[in-house]
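Not measured: the values here are computed from a predicted model.
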Amino acid sequence: MMVDVLYFAWVRERIGLPREQIETQAATVNDLVAELRAREPRYEAAFADLTALRVALDQELATFDSPLADVREVAFFPPMTGG
Amino acid sequence: MKVSVQPEPFDLGAELAGFGAGRSDVGAVVSFTGVVRDDSGAMEALELEHYPGMTQRAIAQIVDQAVTRWDLADVIVIHRHGRLGIGEQIMMVATAARHRAAAFEAAEFLMDYLKSRAPFWKKEHGRDGTSWVVAKDEDEDALKRW
């Protein structure tokens, strides 16, 4: 399946792009992260510490063990600092 | 209810002037305004990045929770993004209710959730370079009281 993967804040800076389309068979967010980490050192660096990251699936906050079935948009970002 | 995510400044006075107006059941209006401050003395600007598709919806969900929990006549949330100078307004929350306890509590609830659950990220631009603002544990802990 194709998913849009979005990166924000320092995750975007570390990976070097704001979004990309990825063809994946990953069953969960964790599986997708493992695929990304295996790609290149910049992905490995961005995903080195998952406790420093949050994930949203189709623009709703989710967890890394969430399934990816029917998900179109995955976003990775650091803990939010609004307000 | 009004939720706005915008780069432009807002007019706090104008927002509050019409807020809760024309209603006979509003006895309390509370507002909070967040302002860019410079703790280090070397900051030049604060940049706010956000997640355009998600931000409006995330804030609306937080407002829905507040409205479910407290008897609110009206709510305003305005949150800016982009590059803001020291002293500029970042965001505002206003709540209108019959009594002040609900208005204060709901405003605090909204602030606590906006801080940790609305997809914004702050980056400080200073004379010595840039750095991302790190979320504080106490901000996450603040959600537990609700």
### Query
Is the closest side-chain heavy-atom distance between W132(B) and E13(A) below 4.5 Å?
yes

Quick check on [X] against chain A: is it the side chain, the backbone, both or neither that has a heavy atom closer than 4.5 Å?
{"X": "H81(B)", "value": "neither"}
{"X": "R117(B)", "value": "both"}
{"X": "V134(B)", "value": "backbone"}
{"X": "A58(B)", "value": "neither"}
{"X": "E140(B)", "value": "neither"}
{"X": "K123(B)", "value": "side chain"}

Best-contacting candidate, [options], against chain A by heavy atom pairs under 4.5 angstrom:
{"options": "K115(B), E47(B), M91(B), H79(B)", "value": "K115(B)"}
{"options": "F120(B), Y113(B), W121(B)", "value": "W121(B)"}
{"options": "Q61(B), K136(B), R80(B)", "value": "Q61(B)"}

Contacting region of [X] [heavy-atom separation from chain B under 4.5 Å]:
{"X": "R54(A)", "result": "neither"}
{"X": "E60(A)", "result": "both"}
{"X": "A52(A)", "result": "neither"}

[X]-[Y] co-clustered via ILVMFWY side chain contacts under 4.5 Å:
{"X": "M92(B)", "Y": "V3(B)", "value": "no"}
{"X": "V3(A)", "Y": "V11(A)", "value": "yes"}
{"X": "L48(B)", "Y": "F10(B)", "value": "no"}
{"X": "W10(A)", "Y": "V74(A)", "value": "yes"}

### Query
Does anything in residues 76-83 of chain A get under 4.5 Å of chain B by heavy atoms, and if so which residues?
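Within residues 76-83 of chain A, near chain B: F77(A), P78(A), P79(A), M80(A), T81(A), G82(A), G83(A).
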
#### Entry: Proximity of residues 18-45 of chain A to chain B, residues having a non-hydrogen atom under 4.5 angstrom
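Interface residues of residues 18-45 of chain A: none, nothing closer than 4.5 Å to chain B.
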
### Message
Restricting to non-hydrogen atoms, name the atom on Y51(B) and the atom on Q59(A) that form the minimum distance, rounded to 0.1 Å.
### Response
OH-CG, 3.5 Å

